[in-house]
2 protein chains.
Amino acid sequence: MNDATAPRPRMTKQRAAVLDALDQGGFRSAQSWHDLLRHDGSNIGLATVYRTLQALSESGDVDSVVTEGGETLYRRCETPEVHHHHLRCRVCGAAEDIDIPDLEEVSARIGAEHGFIELEHVVELTGVCSSCAAKAQH
Amino acid sequence: MNDATAPRPRMTKQRAAVLDALDQGGFRSAQSWHDLLRHDGSNIGLATVYRTLQALSESGDVDSVVTEGGETLYRRCETPEVHHHHLRCRVCGAAEDIDIPDLEEVSARIGAEHGFIELEHVVELTGVCSSCAAKAQH
DNA sequence: GTCATAATGAGAATCATTGTCAATTGCGGT
DNA sequence: ACCGCAATTGACAATGATTCTCATTATGAC
């Protein structure tokens with residue numbers, strides 16, 4: 001590895017657009033960010049969104065998680081202090097921010113017990129929200 | 001939920017072969033298990049391996065984890081029926097079963113507070129294991 | 001043994017992601 | 001402000017993992 005060859009990213013309008021879109025926060029797939037950008041009037045290409053998100057991920061500016069379906073989700077890296085989780089409806093996709101008490105310290109303790117350092121965790125709660133549950137009553 | 005519709009899987013030679021192969025232990029991708037089975041003289045199809053592993057995963061007989069590359073790995077579960085999580089090393093990929101006390105009930109409570117039903121959760125703990133941390137000391 | 005039907009295998013189809021490559025465009029040097 | 005060239009882009013082909021399709025096979029109940 002050579003970090004001496006510090007790659008200098010050019011500030012293209014596409015890169016700026018991605019950074020701007022990321023400000024909306026939340027985890028989204030590359031394809032989802034791409035859709036968002038197109039809706040905002042950009043004509044950015046899908047491959048460029050992938051490349052940009054990957055670059056940002058490697059430089060530590062965005063977090064990425066892999067879902068059970070094998071899809072990679074990206075989100076702008078927030079400050080550790082405001083780390084929180086999401087409760088998402090599997091039917092309509094609505095998501096709410098939630099707080100899981102003690103999770104941070106519990107994960108740190110578990111990691112320590114197994115000799116792991118630099119612990120990170122991804123938690124995704126999903127369910128069916130009340131309105132979707134009501135609609136399912138046929 | 002309805003366990004009244006308990007589907008009883010047929011014990012085909014393919015299913016038996018997969019169960020037998022799983023006895024070797026360790027996390028492997030579906031394709032890798034398939035290779036293993038073919039090397040053992042089986043002419044089992046790839047789709048069957050996928051189907052069988054998924055069925056076993058749903059019945060709780062095998063664990064599955066998704067790698068950063070989006071590949072799903074399967075391993076026979078030592079403690080079937082008990083939902084648990086994994087602590088995985090980001091460097092070498094080694095995974096261990098862990099238990100996160102109260103997580104089930106905490107997630108159920110949070111879901112209830114938001115009016116969500118049929119709660120499910122995905123928890124992924126990652127870190128750097130002790131041996132990989134030692135190697136990083138150059 | 002018979003039979004209904006779940007399970008299988010071969011390959012096509014799908015989905016997310018990556019690679020290709022000619023055209024475009026930051027941006028350092030002038 | 002202007003040049004020039006390498007980094008970047010976009011359209012689309014290619015890839016790799018997984019799922020689907022459907023004709024054929026074989027399990028398990030009777």
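Remember, predicted model here, so these are calculated numbers, not experimental data. Residue numbers start from 1 in every chain, and the chains themselves are labelled A, B, ... in the order their sequence lines are given, proteins ahead of strands.
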Bend of the helix from C:dG1-D:dC30 to C:dT30-D:dA1 from end-axis comparison, five pairs per end, nearest 10°, comes to 50°

Those residues that, when tested against [X], pass side chain to side chain donor-acceptor pair (under 3.5 Å) (two or more places apart):
X: B:Arg28; answer: B:Ser32
X: A:Ser57; answer: none
X: A:His34; answer: none

Between atom CD in B:Glu71 and atom P in C:dA16, what is the gap in whole Å?
->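 Rounded to whole Å, this separation is 18 Å.
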
Whole-Å distance between C:dC15 P and A:Gln31 CD?
->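 The distance from CD of A:Gln31 to P of C:dC15 comes to 10 Å, rounded to the nearest Å.
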
Please report the closest heavy-atom contact between B:Arg15 and B:Arg10, naming both atoms and the distance.
-> CD-O, 3.3 Å

Which residues share a salt bridge (charged side-chain N to carboxylate O under 4.0 Å, His left out) with A:Glu113, sequence neighbours left out =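 With neighbours one apart ignored, the set is A:Arg109.
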
Hey, does A:Thr72 reach any base, or is it just sugar-phosphate, or nothing, if we go heavy atoms under 4.0 Å?
-> sugar-phosphate

Per-nucleotide protein contact string for nucleotides 6-13 of chain C (B base, S sugar-phosphate only, - none; heavy atom under 4.0 Å) | BSBBBB--

Along DNA chain D, 5' to 3', what are the outermost nucleotides having an atom less than 4.0 Å from a heavy atom of chain B?
->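 That gives a stretch of D:dA17 to D:dA29.
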
Which side-chain hydrogen bond (donor to acceptor under 3.5 Å, both in side chains) pairs, counting each pair once, include a residue from residues 16-25 of chain A, with sequence neighbours left out?
->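 Applying side-chain hydrogen bond (donor to acceptor under 3.5 Å, both in side chains) to every pair that reaches into residues 16-25 of chain A, excluding sequence neighbours, yields A:Asp23-A:Arg76.
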
Residue pairs involving residues 37-49 of chain A (criterion side-chain hydrogen bond (donor to acceptor under 3.5 Å, both in side chains); sequence neighbours excluded) |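 Non-adjacent pairs meeting side-chain hydrogen bond (donor to acceptor under 3.5 Å, both in side chains): A:Thr48-A:Arg51.
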
How does the hydrophobic cluster around B:Leu46 look, that is, which other residues are in it when side-chain heavy atoms under 4.5 Å mark a link?
-> B:Tyr50

Hey, what else clusters with A:Tyr74 if you join Ile, Leu, Val, Met, Phe, Trp, Tyr whenever side-chain heavy atoms sit under 4.5 Å?
->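 Besides A:Tyr74, the hydrophobic cluster comprises A:Met11, A:Val18, A:Leu19, A:Leu22, A:Trp33, A:Leu36, A:Leu37, A:Ile44, A:Val49, A:Leu53, A:Leu56, A:Val62, listed by chain and residue number.
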
Non-neighbouring partners of B:Glu71 that pass side chain to side chain contact (heavy atoms under 4.5 Å, CB included), sequence neighbours left out =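 Partners of B:Glu71 under the side chain to side chain contact (heavy atoms under 4.5 Å, CB included) test: B:Ser29, B:Thr67, B:Leu73.
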
